[in-house]
Amino acid sequence: MIDKIRPDAAATVDGVHDGAVVAIGGFGQAGVPVDLIDALCERDVRDLHVIANNGGQGLPGERGIGRLLRENRVRRFSCSFPVNPAFFERYFSGEVEIELVPQGTLAERLRAGGAGLGGFYTPTAAGTLLADGGFVVRYREHGEPEKLLPRKESRVIDGRTYVFESPLRPDFALVKAHRADRYGNLRFRFGARNFNPLAAMAARTTIAQADHVDHTGTLDPDDVHLPGPFVDHVVATALELAR
Amino acid sequence: MIDKIRPDAAATVDGVHDGAVVAIGGFGQAGVPVDLIDALCERDVRDLHVIANNGGQGLPGERGIGRLLRENRVRRFSCSFPVNPAFFERYFSGEVEIELVPQGTLAERLRAGGAGLGGFYTPTAAGTLLADGGFVVRYREHGEPEKLLPRKESRVIDGRTYVFESPLRPDFALVKAHRADRYGNLRFRFGARNFNPLAAMAARTTIAQADHVDHTGTLDPDDVHLPGPFVDHVVATALELAR
Amino acid sequence: MTAGLSRAQLARRVADDLEDGWCVNVGIGAPLLLPEQPTPGKEILYHCEHGLLGVGPAPAGEPDPDVTDAGKNPVTLLDGAASFDSSLSFAIARGGRLDLCVLGALQVGENGDLANWLVPGGNPGVGGAMDLAVGARRVWVMMTHLDKRGNPKLRKRCTFPLTGRGVVDRVYTDLAVFEFVDGVLTLRECAPGVTPEDLVPLTEATYRIDLQTRGVPA
Amino acid sequence: MTAGLSRAQLARRVADDLEDGWCVNVGIGAPLLLPEQPTPGKEILYHCEHGLLGVGPAPAGEPDPDVTDAGKNPVTLLDGAASFDSSLSFAIARGGRLDLCVLGALQVGENGDLANWLVPGGNPGVGGAMDLAVGARRVWVMMTHLDKRGNPKLRKRCTFPLTGRGVVDRVYTDLAVFEFVDGVLTLRECAPGVTPEDLVPLTEATYRIDLQTRGVPA
């Protein structure tokens, strides 16, 4: 019998090790798997390479990515919009390395990883600092650049310049869904979908928290936003546990 | 006001010209836009480059792709599984050219076109006749090969061989949906989804037939399988008109 | 000079040029004011980069945390709205299905270059701007004419890192409207109380003057 | 020799080796018989390439034209079923989320090569086989031991155009079960009434013999 429902968040993040590459869904406050991130922090996991769109500013109680950054659990951050003082402080002091990726490219790289592709060409960022190289990936302690982004491969296709981008294959994904069933089928709600299905597709192991976990019934096949084979563990969020 | 609903199938295919590249959804009998194809045939459009997964065998009344082939409207057929005597006859006699594409690659090439990407690398077909070249694209009248598939570019990434595949950008897509609203938002039913959303994404102009067209209400945002900006014209299928 | 449009007036001015049925992405900053503008007789589908379409003004009542714009402000979903993941959202953008995107800017070059993501030495954050700039059918910029230090933002060449090369179609500032006509930056309109002469010292870029008479809405 | 499994018995034999919870793609031909097999105590999620998951046996009543397997035969949707487009379907395959795919074959090489899409000079049609062959975690072949002309299908090298190189993990024929063990083709089991000696003239490929004793289900 297939049953991916776990009793609590701690049980789901048990395998996440120091140094792991972890993709995390969410955009702003919408669709951030805060319970899973809390569970990760409570396990005291460190040296993570986090892949997430935002720096996590503005979440109630500064939960989410902000907490991971504030507790210095992140060594490398792949993101498009890391706006959060907790990040910038650590970036300019050399504590955290950045891989700044245009948002659409970040989404597509996760999808490419999930789809088993070797990479793709996108017109995005062609002729900019994020493709031509030179952007500061890491500072030294004293604020001088230590590591610069190398120039990316580009190619002219039908007269237009495209940049080569490689797939992302994180070890783990932490995602937040609205509904889940025991097969791991997920359904999201409005803007909370964002990067969640993509992170789940890309990762070798995907952990989902869901507001509503159906222990007996299942989602209608046409209502599934992300099918179960992309999901390994499901846990109900505190929201549901509280009821 | 946005209203993409058209009165009949003929009104939707009016712009499809001789020689056009037309992607068509469907797998077997499921999700084939038969009314739109009939309308195309009635306009007597010729020399089409058709992109569709199947040869269209088995549809009641041999409608669908089979009709296009039988009426000699197709000069080039991009597909993965062209099984249909109407096709093979014309292929071996040199009347129709084939671009045989593995099914997953065909799906991904349409998606890449729709997503504005320049191409991608896939492990599929590496080391086979469909990547190394030599497959017969076109025969002469007398059954000798006239045109062979050239060798595709390949690249070793992390020790694995990948093949470069280019995006497909058809002029038109003909798709079949289950539900549609005036914004062109579409919802599909079970296995009838298949290539329909991908064809719609890829095309410059997308024409959809839907079993249920909602003239006043709209789909729930989370129930939309393909958002309206990818769809230009919507028509109710005969099914609904008959009621 | 104290003439010039407020942020809300600028949004009103841009909204006035939108066409019925357009699918329009609104970037962070001033463009987020667009869905607040009524567009009588025109139905506009606003697109938010993370995966929403059909976004409307801020809610009158309780905000829904799952319904926000690209700036994470609460918005509403209108008729015809759709939700999807971020890869489909950017497929809409790069795939050419956005009639328009409206972006803020730090600098715009007279060659159409756009710089809007990084002040050298400042905090980096690119978001979806680079995808939108290359993907949308039209790119309009909505910005103040001068930066906070009083420097012109319309430049001969951008000195800040670029978002996209030659991508801008129009520039709406608090003082004027410019359009790239056959690749040439062209002054189209001055804000009420602003004369073409006023703009000369405030604009580093070279531009043609070819004014279009049209009333600025009240 | 008249011994050997029927198609249904072969499906039964393969079904017996499936593991609880596996996500299994079934290709056209004999593998389509798998969802018809009961698997007591094991829940198998069958995947169909065009975009269905959780497929079950043919319906007892009226077939639903939107619910078919990869061979376009009517099937049913079981608990946990999901539908999606063909690009996501092949993302499941290439992305390594299929525990297994079961494919028919024209030839299998002793090096694990698979040929299953074209008899030279015949009608071409590749479908999803090449994607499945490179993407699934395990590839099992289900085929007759000999082709229609009586030629061995297990070859030193495939002579027909390849579907994938070195991709096959196991081969189930009407006469025997073979497994690639550390890359070496190995005879694991003979069908009832078949001896290893019987196989020698019927098998062109070189193989080791390392029989595993297990009962073939009735």
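Just so it is clear: chains get the letters A, B, ... in the order the sequence lines come, proteins before strands, and each one is counted from 1. Just so it is clear, the values below take in all heavy atoms, side chains as well, and ignore hydrogens, waters and symmetry mates.
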Q: Using a strict cut-off of less than 4.0 Å between a Lys/Arg side-chain nitrogen and an Asp/Glu carboxylate oxygen, indicate whether D/Asp66 and B/Arg189 qualify as a salt bridge.
A: yes

Q: Answer with side chain, backbone, both or neither: which region of D/Ile92 has an atom nearer than 4.5 Å to a non-hydrogen atom of chain B?
A: neither

Q) Which bit of B/Val101 comes within less than 4.5 Å of chain D, counting heavy atoms only: side chain, backbone, both or neither? A) backbone

Q | Test side chain to side chain contact (heavy atoms under 4.5 Å, CB included) applied to B/Leu129 and D/Val126, D/Leu118, D/Leu162, the passing residue | A | D/Leu118

**Q.** Over 12 non-hydrogen atoms of neighbours within 6.0 angstrom of CD in B/Glu141
**A.** no

**Q.** Distance, nearest 0.5 Å, that separates CG of B/Leu226 from CG of D/Asp85
**A.** 9.0 Å

**Q.** Closest heavy-atom pair and its distance - B/Thr128, D/Gly164
**A.** CG2-N, 4.4 Å

(Q) Applying side-chain contact (heavy atoms from CB on, under 4.5 Å) to B/Thr105 and D/Phe90, what does each step give before you reach the verdict? (A) CA-CA 8 Å; B/Thr105 300; D/Phe90 284 97; over 6 Å; no

Q | B/Asn84 portion near chain D, given a 4.5 angstrom heavy-atom threshold | A | neither

Q: Under 4.5 Å, counting heavy-atom pairs only, tell me which of B/Gly28, B/Gly55, B/Gly127, B/Ala192 racks up the most with chain D.
A: B/Gly127

(Q) With a 4.5 angstrom heavy-atom cut-off, is it the side chain or the backbone of D/Leu132 that approaches chain B, or both, or neither? (A) neither

Q: Could you tell me which residues satisfy ring pair (Phe, Tyr, Trp, His ring centres under 6.0 Å) with D/Tyr172, sequence neighbours excluded, listed by chain and number?
A: D/Trp140

Q. Do we see a donor-acceptor contact under 3.5 Å between the side chains of B/Asn194 and D/Ser86?
A. no

Q.
Given heavy-atom pairs under 4.5 angstrom as the criterion, report whether the side chain, backbone, both or neither of D/Asp69 touches chain B.
A. backbone

Q: Identify which part of B/Asn54 has an atom lying under 4.5 Å from any heavy atom of chain D, answering side chain, backbone, both or neither.
A: side chain

Q. Non-hydrogen atoms of chain D under 4.5 Å away: do they reach the side chain of B/Pro102, the backbone, both or neither?
A. both

Q: Give a yes or no on whether the backbone of D/Ser83 and the side-chain of B/Arg193 come within a donor-acceptor separation of less than 3.5 Å.
A: yes

Q | Portion of B/Phe87 that has a non-hydrogen atom of chain D nearer than 4.5 angstrom | A | neither

**Q.** chain D contact via B/Thr122 - side chain, backbone, both or neither, heavy atoms under 4.5 Å
**A.** side chain

(Q) Please find the pair of heavy atoms, one from B/Asp132 and one from D/Arg165, that lie closest to each other, and give the distance. (A) OD2-NH2, 4.2 Å

Q: Let me know if B/Phe92 has heavy atoms under 4.5 Å from chain D in its side chain, its backbone, both or neither.
A: side chain

